[in-house]
Each structure stands twice: as C-alpha cells, then as structure tokens.
Amino acid sequence: MMITGKMLIGQSAVRGDKGSLAAINPATHEKLSPDFGVGGIADIDQACTLAQQACDPYRATTPEQRAQFLESIATGILALGVTLIGRASLETGLPAARLIIERSRTVSQLRLFAQVLRDGHYLGATLDCALPTRIPSRPDLRLHKIALGPVAVFGASNFPLAFSVAGGDSAAALAAGCPIVVKAHEAHLGTSELVGQVIQQAAAAHHLPEGVFSLLIGDANLFGQTLVSHPAIKAVAFTGSRQGGLALMRTAAQRSEPIPVYAEMSCINPVFLLPHALSIRASEISRGFVEALTMSAGQLCTNPGLVIALEGQPLTQFCSTAQDALCKKAATTMLTPGIHRAYLAGIEETGTINGVTTLGQGCPAQTPCAAQATLFVTDAATFLTTPRLGDEIFGPSSLIVACKNEDEMLAVAEHLSGQLTATLQLDHADHALARKLLPILERKAGRILANGYPNNVEVSHAMVHGGPFPASSDSRSSAVGASAIDRFLRPVCYQDLPAALMPEALQDGNPLELWRMVNGQSVLA
C-alpha cells in the first residue's frame with residue numbers, strides 16, 4: 001500500500017482542497033512526505049451522509065458477518081508489516097518494539113470483538129412471554145440492543161494504532177453495527193491512511209455498504225466540532241486532552257439532538273504506598289515505580305502521576321531509591337513538539353509552587369522533543385490546598401505526597417478527582433487501612449490495582465478503562481474491553497410483534513443459539 005495524502009470517503013480516495021498538513025518526525029523535527037490535503041465542510045457532509053445511508057443496511061448484517069469483517073481488518077493490519085511499523089515510528093518517535101506490541105494489541109481488540117459478536121451476550125436478548133390470563137394481562141415483550149448509528153471517532157496522539165483508526169473505539173462501534181467516520185490525528189497521518197486503506201478494502205471485500213467507514217483529515221478544532229455537529233452522527237468517541245474533550249462535549253450538548261460523547265481525558269492515577277508494604281519493600285516498589293513512570297516517555301493515560309505515603313524512614317528510602325534510578329534514565333522523545341512544549345511548561349510551573357520540591361530528574365535532553373523525567377515531592381497540606389497539583393502533566397512526571405498520618409492519607413484520597421486507576425501497594429498487615437481506602441477509591445476510579453502499576457491495560461472481558469470525570473465523560477462506560485461495545489448500543493422493546501417480523505435474536509426457537517433471559521431465567525433456548 002502507498003501513502004497518498006488523501007482522505008478515504010466511503011470507497012473513494014479524495015484529496016482535500018482546504019490547505020495541507022504534514023506529519024513531523026518528533027525526533028528530528030523534519031517534515032515527512034507526502035503532504036495531506038485538508039478536508040472541509042463538504043467532505044464531512046459527504047462522509048456523514050454515506051454513513052447515514054449505510055446505517056440500516058450495516059446494522060442488519062449478521063453478527064457473523066461483522067465478526068469476519070473485523071478479523072479481515074486484523075489480518076490486513078498484520079500484512080502491512082514493516083511498512084506500518086516504520087511509518088508509525090517516524091511519525092511518533094516511538095521505538096519499533098513498542099509499536100509491534102501496540103499492533104498486537106490492536107489486532108487483539110478486533111479479534112476480541114469478533115468473539116463478542118459470536119457469543120451474542122452483547123445483544124441482551126430478553127423475553128417476557130405473554131400472560132393473557134393474568135389480571136391485568138401482560139403482553140408479549142421482547143428486548144434486544146441495536147446500533148446507535150454513525151459514530152465519530154477521534155484518533156489519539158499517544159496510540160497511533162490501538163486508539164486510532166482501527167483502535168478500540170472503532171472496533172467496538174463497528175462490532176455494534178455502527179458506521180464510523182474517523183478524524184485522523186494530525187501527528188500520524190501516514191499511519192492513519194495505511195490502516196484506513198485496510199478497513200476500506202475489507203469493507204469492499206465483504207460487500208458492506210460504502211459508508212461503513214470514512215477517514216477524514218482536518219485542521220484545527222473547528223473541523224472536529226463540525227463533524228460532531230453533523231445530524232447524521234449519533235455518538236462520539238474521543239481520547240485526548242481535557243480541553244479537547246470538553247469542547248466536543250459542549251458541541252454535542254448544544255445540538256438540536258444532543259448525543260453522547262465518550263471522552264477519555266485526563267487523570268493522575270494515584271499510587272498509595274501503605275505503611276507495612278513500604279517498610280519492607282521500599283526499594284523494590286520504588287524501582288518498579290520509576291520504570292512505570294518513564295515507560296513510553298510517560299505518555300500513557302495510565303501513567304502513575306501521584307504517589308501517596310506516610311512520612312518516615314520507609315518513605316525516605318523510597319525517595320532515595322527513586323532518585324538513584326531516575327538519574328540514570330535517558331530523556332526520550334515525546335510524540336509531538338506541542339506535547340513536549342506543554343510538558344516543559346507543566347514541569348516549570350510545578351517547580352515554582354511553594355511547598356513543592358524537585359526531588360530528582362533523569363538525564364538531560366540531548367535531542368528535540370526529548371523529555372527529562374522529573375519527580376516532585378510535597379506534603380499533604382500543600383497538596384490539599386493547591387488545586388493545580390491535582391492536574392495531569394502529560395509525560396514522565398510524578399508527585400510524591402507525604403502524609404503525617406492515616407487520616408491525612410484518607411483526606412488526600414477523598415480530595416482526588418475522578419481517575420482511570422488507583423493502585424494500592426500493600427501487604428496483609430495493611431488490610432485494615434486498605435478497607436478504609438477502598439470505598440473512597442471505588443468512588444474515584446474505574447480500576448483498582450494491588451501490588452502492581454497501572455500502565456498496561458489488558459484487552460479482556462473484565463477490563464474497565466474509564467472512571468468519573470475528568471478521567472472520562474461517562475463513568476458508566478469503558479473504552480477498553482468487551483463492555484466497550486455497550487457505548488454504541490441502545491435497547492429496543494418489541495410488544496406483541498408478529499413472529500414473522502421479530503429480530504432473529506428474539507425469535508422462538510432461538511435460531512442464533514444465544515443465552516437469553518426468558519421469563520427471568522437465563523437459558524439457552
């Protein structure tokens with residue numbers, strides 16, 4: 001496949017005529033060819049109109065047809081081989097080894113949703129049979145879930161594959177039966193086009209309606225807001241900054257028909273070092289923490305940006321080990337010059353706050369866009385009275401908060417805003433304190449870990465990648481895992497519908513062989 005610099009609208013390749021964009025190699029600041037044509041309002045309208053036309057035919061496809069479609073996309077992504085990995089590395093500064101892992105994750109997500117389609121639980125098929133002799137009588141009631149409609153998907157800067165054109169949001173929406181209109185992230189345009197070509201070809205090979213997929217290229221926030229405003233769009237999936245997510249949420253809410261925005265935005269993923277665990281494993285925990293902090297230049301939404309512990313010798317040992325480990329960490333390339341500038345500004349601002357001390361830093365930067373890891377320390381009183389310290393600095397930075405006692409630790413936990421994750425480093429002797437923390441953390445986070453670090457987000461049935469605001473815009477949903485499909489479905493109930501018109505999932509005889517809820521009992525019938 002060749003990178004052409006064109007958008008993919010349905011089965012067409014279209015050169016945008018509203019200007020041009022080029023990806024930048026963040027490691028060298030060199031512009032990468034080719035230039036990409038920028039789309040305009042007419043291109044948005046064409047993609048969304050095609051998606052609207054495709055909506056009913058696509059959601060009428062069988063789960064097996066959509067499963068095969070997703071699997072074809074997975075196979076096509078793997079077939080791109082070094083072409084995809086090489087281009088993604090140039091556009092992001094991420095090493096090939098990391099991108100190979102991310103490609104595997106992307107393929108796994110597609111295959112997971114193929115499995116979800118085949119097992120059929122996502123449909124929520126429910127039958128309440130008629131009770132004509134009951135007083136009052138009950139009609140025949142049957143429920144299943146259907147696709148919401150066309151979804152606008154925004155590619156993320158930090159995952160050019162797994163949260164981009166064929167990433168988790170796209171896979172979940174396509175599995176649900178929703179056409180997607182993807183806005184490529186301007187940082188990895190070539191990567192986006194390569195993956196987009198795979199989806200476009202898979203859609204054609206499976207004889208799907210043309211508008212099931214489009215890939216748009218747009219400049220500035222107005223383009224994205226125009227996409228969200230289009231009446232054909234019925235939901236939005238976004239991973240990025242809080243500012244960007246809030247802008248899309250406002251746009252979606254102000255439409256004549258408001259629509260849901262599933263935005264994963266910002267958090268600091270607190271790590272609680274409970275006293276007994278810290279007293280016996282301070283150095284071990286500290287070394288693991290530094291590895292987690294600097295992974296992928298800290299550019300992970302689950303980066304551990306806050307550490308909370310009781311003051312004393314064990315915390316002193318933790319800090320000393322962290323200093324030693326951090327000073328050996330080379331500065332690594334960040335995704336874009338803009339992200340790098342924001343990181344430097346955040347570090348500089350935090351370092352000037354009264355009561356905050358710079359505990360240690362990694363090796364100085366030697367190349368453009370390289371981030372020097374930085375670790376700060378403060379006390380609980382300063383943290384509780386300085387709102388800025390609760391905000392994310394996107395990159396390899398974290399803050400240690402020293403608490404005088406357990407009550408202060410609980411107060412810090414209560415003070416936290418919504419998080420994707422919260423981690424407990426604990427041993428059996430810490431269980432009493434953990435029991436006090438857990439009810440608070442359950443209200444604050446979507447995932448609670450013990451004796452690990454939050455960076456890796458498993459693609460599985462039980463995973464939750466979401467949380468209360470500002471971690472995400474809707475704490476009831478997950479952006480990763482099998483349950484991510486629920487964001488793009490809605491229930492429909494059929495009352496006394498003739499059998500000849502009944503959807504297959506609800507028909508007598510259970511032709512799809514689903515586990516269904518029938519008169520309150522879960523049965524394979």
For D56, run the side chain to side chain donor-acceptor pair (under 3.5 Å) check against Q52, Q53, R59 and tell me which one passes.
R59
Which pairs would a plain distance check flag for residues 14-28, meaning a side-chain donor or acceptor within less than 3.5 Å of a matching protein atom at least two apart in sequence or in another chain?
from : atom 1 : to  : atom 2 : distance (Å)
R15  : NH1    : G5  : O      : 3.4
R15  : NH1    : D35 : O      : 3.0
N25  : OD1    : A27 : N      : 2.9
T28  : OG1    : E30 : N      : 3.2
T28  : OG1    : E30 : OE1    : 3.1

Side-chain ion pair, [X] and [Y], N-O less than 4.0 Å:
X	Y	result
K183	E186	yes
E392	R242	no
E71	R118	yes

Distance-only criterion, 3.5 Å: show the donor-acceptor pairs between side-chain atoms of residues 161-176 and protein atoms not counting sequence neighbours.
from : atom 1 : to   : atom 2 : distance (Å)
S164 : OG     : P160 : O      : 3.4
D169 : OD1    : R487 : NH1    : 2.9
D169 : OD1    : R487 : NH2    : 3.1
S170 : OG     : V165 : O      : 2.7

Is the backbone of [Y] close enough, under 3.5 Å, to the side chain of [X] for a donor and an acceptor to pair up by distance?
X	Y	value
K234	P231	yes
T336	I339	yes
S477	D474	yes
T126	G124	yes
S296	G298	no
R447	P454	yes
Q419	N269	yes

Is there side-chain contact between [X] and [Y], with at least one heavy-atom pair below 4.5 Å?
X	Y	value
I101	R98	no
L489	L123	no
D43	I9	yes
Y122	P63	yes
L227	C48	yes
L32	R87	yes
N519	C129	yes

Least distance between heavy atoms, [X] atom then [Y] atom:
X	Y	answer
L117	A67	CD1-N, 3.5 Å
N158	E102	O-OE1, 4.5 Å
G177	Y58	O-CD2, 3.2 Å
Y343	S397	CE1-CB, 3.9 Å
G481	L112	C-CD2, 4.0 Å
A525	V518	O-CG2, 4.1 Å

Which side-chain N or O atoms in residues 462-473 pair as donor and acceptor under 3.5 Å with protein atoms at least two apart or in another chain?
from : atom 1 : to   : atom 2 : distance (Å)
H465 : NE2    : E264 : OE1    : 3.3
S472 : OG     : G467 : N      : 3.1
S472 : OG     : G467 : O      : 2.4
S473 : OG     : V261 : O      : 2.5
S473 : OG     : A263 : N      : 2.8

Please report the C-alpha distance between N455 and T302 in whole Å, then the side-chain angles of each, then the deciding distance to 0.1 Å, and finally whether the side-chain hydrogen bond (donor to acceptor under 3.5 Å, both in side chains) criterion is met.
CA-CA 5 Å; N455 304 59; T302 51; 5.3 Å; no
Cut-off 3.5 Å, side chains only: do T61 and R66 have a donor facing an acceptor?
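Note: T61 and R66 side chains meet the donor-acceptor criterion.
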How about Q197 and Q201: does a side-chain donor come under 3.5 Å of a side-chain acceptor?
no
May I have the list of side-chain donor-acceptor pairs in residues 140-157 shorter than 3.5 Å, sequence neighbours left out?
from : atom 1 : to   : atom 2 : distance (Å)
D140 : OD1    : R142 : NE     : 3.4
D140 : OD1    : R142 : NH2    : 3.3
D140 : OD2    : R142 : NE     : 2.8
R142 : NH1    : L506 : O      : 2.7
R142 : NH1    : D508 : OD1    : 2.9
R142 : NH2    : D508 : OD1    : 3.0
H144 : NE2    : Y494 : OH     : 3.1

So, taking the atom named CZ in F36 and the one named CG in D219, what distance separates them when rounded to the nearest 0.5 Å?
13.5 Å
Interatomic distance, CG@N221 vs OG1@T251, rounded to 0.5 Å, equals 9.5 Å
Which atom pairs, one a donor and one an acceptor, fall under 3.5 Å between side chains of residues 210-217 and the rest of the protein, sequence neighbours left out?
from : atom 1 : to  : atom 2 : distance (Å)
E210 : OE2    : Q11 : N      : 3.1
S214 : OG     : G10 : N      : 2.9

For Q115, enumerate each residue passing the side-chain hydrogen bond (donor to acceptor under 3.5 Å, both in side chains) test, keeping only those at least two apart in sequence or located in another chain.
H461
